[in-house]
Novice: 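So that we are looking at the same thing, I have put the structure below in structure tokens.
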Protein chains: 2
Amino acid sequence: MKATHKKKVTKTVKGDQTRALILETALEMFRERGYDETTMRAIAQKAGVSLGNAYYYFRSKEYLIQAFYQRMHDSHLAVALPALENEKTLKARLLTVMRTKIDTMKPYHQFAGVLFKTAAHPQSPLNPFSDESDPVREASIQLFDKVLDDAKARIPKDLRAELPYLLWVYSMGIVLFWIHDRSPKHRRTYRLIDHTVDLLDKLIHLASNPFMRPLRKQALRLVDELRDAAESLDDDKIETEMRG
Amino acid sequence: MKATHKKKVTKTVKGDQTRALILETALEMFRERGYDETTMRAIAQKAGVSLGNAYYYFRSKEYLIQAFYQRMHDSHLAVALPALENEKTLKARLLTVMRTKIDTMKPYHQFAGVLFKTAAHPQSPLNPFSDESDPVREASIQLFDKVLDDAKARIPKDLRAELPYLLWVYSMGIVLFWIHDRSPKHRRTYRLIDHTVDLLDKLIHLASNPFMRPLRKQALRLVDELRDAAESLDDDKIETEMRG
DNA sequence: ACGCTGATTTGAACACGTTCAACTATGAGC
DNA sequence: GCTCATAGTTGAACGTGTTCAAATCAGCGT
């Protein structure tokens, strides 16, 4: 992690093609054999390029995963958005989004374990809070914003503003559980989704009660603080890079 | 992670000494230079043993960290237990335990980042839910049990039973935040502790209200389910090993 | 054509974690 | 004291991710 975090940019059409070729090959091999079992040499060989060439386009093996995130989110959107059309209640909409999320990731279950290993590392580009995860993170949060938008539920403004972010964090928790879940067909994860969504729905309504206002305010202040801290993380990273 | 998860056991006094020597050397170097920058070769050399010998006592570099966990917990206990004598309320007791926890880990802040990287990996022996983390995990939960024991707070039995575990999970969350926290003297983490403990205290009292019984029951069922899943993870791991 | 610049590509080399077959030391039973 | 099984120890070798100086290519101005 000594290198800068700027993305490699291709300057020619040929470069684009080579980059795409390497990425496709890598993702295919990751899916079929897993991440650890797929070596950079094997990717390069199958893609028909040299080892060094792969590193010209991808700063490290980890960076190949970044594209995986993006693709996963795109696939999820393609399934979730149409499905949302039919659901009107907050609970049903949330359920839909979460279930389709797991549906989408299913083929990559084995592979996914490695994701969170590196994703949890503060300095990893895969860290969901890092600069480089920004686009896909924002897009994910936006999806939850949409979940709330067309739902008929009276939610106080202060809570409504933070809820998309909170739901995104919740969804990451579910994914973390799913990664560990080895029950057949991931039944446990689906059951967990059912139960947590039910609970969340109730909690949101409870928190929306005027009686809960003080406690809610306090909790939201806390959330704000956490987000601030997460964002300043990126600044520190940049500073560190400049120094050394 | 192909090897079995049984712990290496020394059979002779000399073995004990060598093992201890390697471990001390490793932890010292980790603290001074960080985990990634400390190579197994360097550890072996500084300890005056061969490279292969280090691997005779520690199945992998990761396993050296396991001992770190244990040591960290011992140090924490040594500070927290006396401090708890003076605190009677739940809130003050919880605050004491959390603050001393961070105090204890402070010297290892840089090092700690790597911990969670590997700890988040489902198949890592450092995974806090894994078999091998069992002793230190149980000990940590027990500490929170003690926090509750002498606190004068009326908590329903069902909640009281799960609370130590829940507080342990909470403490892991704080540690995770701390790892990412680069604010001077980790002020942000301490502030987060203050705020979350305050909130937790209120939530616990709220949840103890008879009015909340149904929701509380539902939430606790959920917690149970999560714990079951975490435990069955270990079984699956063993199965996988036997097959492969 | 030619040369020049910058993008792309190469493969050898490096450092690391890990494995393993072979070696040595220890000590219990005779 | 001798034998031998077991614990402990060694360092060479392997496969990996990553780096880098050098080679090649593509387009453009002349």
Side-chain angles (χ1 to χ4, degrees), chain A residues 1-23 25-26 29-30 33-66 114-115 117-118 121 123-126, chain B residues 1-23 25-26 29-30 33-66 114 117-118 121 123-126 244:
Chain A
M1 209 49 42
K2 302 135 205 162
T4 87
H5 287 257
K6 281 205 199 86
K7 258 182 189 160
K8 270 269 170 196
V9 187
T10 57
K11 299 277 173 73
T12 64
V13 180
K14 197 180 169 205
D16 280 344
Q17 290 173 343
T18 308
R19 192 193 147 87
L21 174 62
I22 294 170
L23 182 58
T25 309
M29 295 183 79
F30 286 164
R33 293 174 220 184
Y35 181 78
D36 283 333
E37 285 66 35
T38 305
T39 69
M40 289 298 280
R41 283 171 180 76
I43 294 170
Q45 185 174 10
K46 187 159 184 180
V49 300
S50 73
L51 178 59
N53 202 203
Y55 277 94
Y56 180 74
Y57 289 105
F58 298 93
R59 206 181 296 289
S60 74
K61 198 181 174 188
E62 279 193 4
Y63 271 77
L64 283 165
I65 307 180
Q66 197 93 46
V114 183
L115 294 196
K117 170 183 171 179
T118 55
H121 195 191
Q123 286 157 345
S124 166
L126 297 179
Chain B
M1 210 49 42
K2 303 135 209 164
T4 86
H5 286 258
K6 281 206 200 88
K7 256 184 188 159
K8 271 267 168 195
V9 187
T10 57
K11 300 276 174 75
T12 65
V13 181
K14 197 182 171 203
D16 281 344
Q17 289 173 344
T18 308
R19 191 194 149 88
L21 174 63
I22 294 170
L23 181 58
T25 308
M29 295 182 79
F30 287 163
R33 292 175 222 183
Y35 181 79
D36 283 334
E37 285 65 36
T38 305
T39 69
M40 289 298 278
R41 284 172 178 78
I43 296 170
Q45 186 174 12
K46 187 159 184 180
V49 301
S50 73
L51 178 60
N53 203 9
Y55 278 94
Y56 180 75
Y57 289 104
F58 297 93
R59 203 180 298 286
S60 75
K61 198 181 173 187
E62 280 192 3
Y63 271 77
L64 283 165
I65 307 180
Q66 197 93 47
V114 183
K117 171 183 169 179
T118 53
H121 195 190
Q123 287 156 344
S124 165
L126 297 178

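Note on naming: letters A, B, ... go to the chains in the order of the sequence lines (proteins, then strands), and numbering restarts at 1 for each one.
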Novice: Of the options C:dT10, C:dG17, D:dG17, whose atoms approach the side-chain atoms of A:R41 most closely?
Specialist: D:dG17

Novice: Rounded to whole Å, how long is the line connecting atom CE of B:M29 with atom C1' of C:dC16?
Specialist: 14 Å

Novice: For B:F58 and D:dT9, give me the distance from atom CZ to atom P, rounded to whole Å.
Specialist: 12 Å

Novice: Do B:K61 and B:Y35 meet the cation-pi criteria used here (NZ or CZ under 6.0 Å from the six-membered ring centre, within 45° of the axis)?
Specialist: yes

Novice: Please confirm whether the shortest side-chain N or O distance from B:T12 to OP1 or OP2 of D:dG8 is below 4.0 Å.
Specialist: yes

Novice: Considering only C:dA25, D:dT18, C:dT18, which nucleotide approaches the side chain of B:K61 most closely?
Specialist: C:dT18

Novice: For D:dT9, take OP1 and OP2 only and decide whether either is under 4.0 Å from a side-chain N or O of B:Y57.
Specialist: yes

Novice: Of the candidate nucleotides C:dT18, C:dG17, C:dT8, which contains the atom at the shortest distance from the side chain of B:S60?
Specialist: C:dT18

Novice: Could you measure the distance from the CG atom of A:L21 to the NZ atom of A:K14? Nearest 0.5 Å is fine.
Specialist: 12.0 Å

Novice: Out of D:dT10, D:dG17, C:dT19, which nucleotide sits closest to the side chain of A:Y55?
Specialist: D:dG17

Novice: Could you check how far CD of A:E37 sits from P of D:dT16, rounded to whole Å?
Specialist: 10 Å

Novice: Could you state the interatomic distance from OG1 (B:T25) to CG (B:L64), rounded to the nearest 0.5 Å?
Specialist: 10.0 Å

Novice: Determine the contact category for A:G52: base if any of its heavy atoms lies under 4.0 Å from a base atom, sugar-phosphate if only primed atoms, P, OP1 or OP2 are that close, otherwise nothing.
Specialist: base

Novice: Would you mind telling me which of D:dG17, D:dT18, C:dT9 lies closest to the side-chain atoms of A:S50?
Specialist: C:dT9

Novice: Do any side-chain nitrogens or oxygens of B:N53 fall under 4.0 Å of OP1 or OP2 in D:dG8?
Specialist: no

Novice: Could you tell me which non-hydrogen atom of B:I22 sits nearest to which non-hydrogen atom of B:I43, and how far apart they are?
Specialist: O-CG2, 4.0 Å

Novice: For the side chain of A:L51, starting at C-beta, report the closest nucleotide among C:dA12, D:dT10, D:dG8.
Specialist: C:dA12

Novice: Which value, rounded to the nearest 0.5 Å, describes the distance between A:L23 atom CG and A:F58 atom CZ?
Specialist: 4.5 Å

Novice: Apply salt bridge (Lys or Arg N to Asp or Glu O under 4.0 Å) to B:K46 and list each qualifying residue two or more places apart in sequence or on a separate chain.
Specialist: B:E28

Novice: Could you state the CG-P distance from B:D36 to C:dG17, rounded to the nearest angstrom?
Specialist: 9 Å

Novice: Atom CE of B:M40 and atom P of D:dT10: how far apart are they, to the nearest Å?
Specialist: 14 Å

Novice: Measure the distance from CD on B:Q45 to P on C:dC16 and round it to the nearest whole Å.
Specialist: 11 Å

Novice: Of B:T38 and A:V13, whose closest DNA chain C nucleotide lies nearer the 5' terminus?
Specialist: A:V13

Novice: Roughly, in whole Å, what's the span from CD1 in B:I43 to P in C:dC16?
Specialist: 11 Å

Novice: Write down the distance between NZ (A:K14) and P (D:dC25), rounded to a whole number of angstrom.
Specialist: 8 Å

Novice: Closer than 4.0 Å, any side-chain N/O of A:Y56 to the OP1 or OP2 of C:dT8?
Specialist: yes

Novice: Given C:dT8, is OP1 or OP2 found less than 4.0 Å from the side-chain N or O atoms of A:T18?
Specialist: no

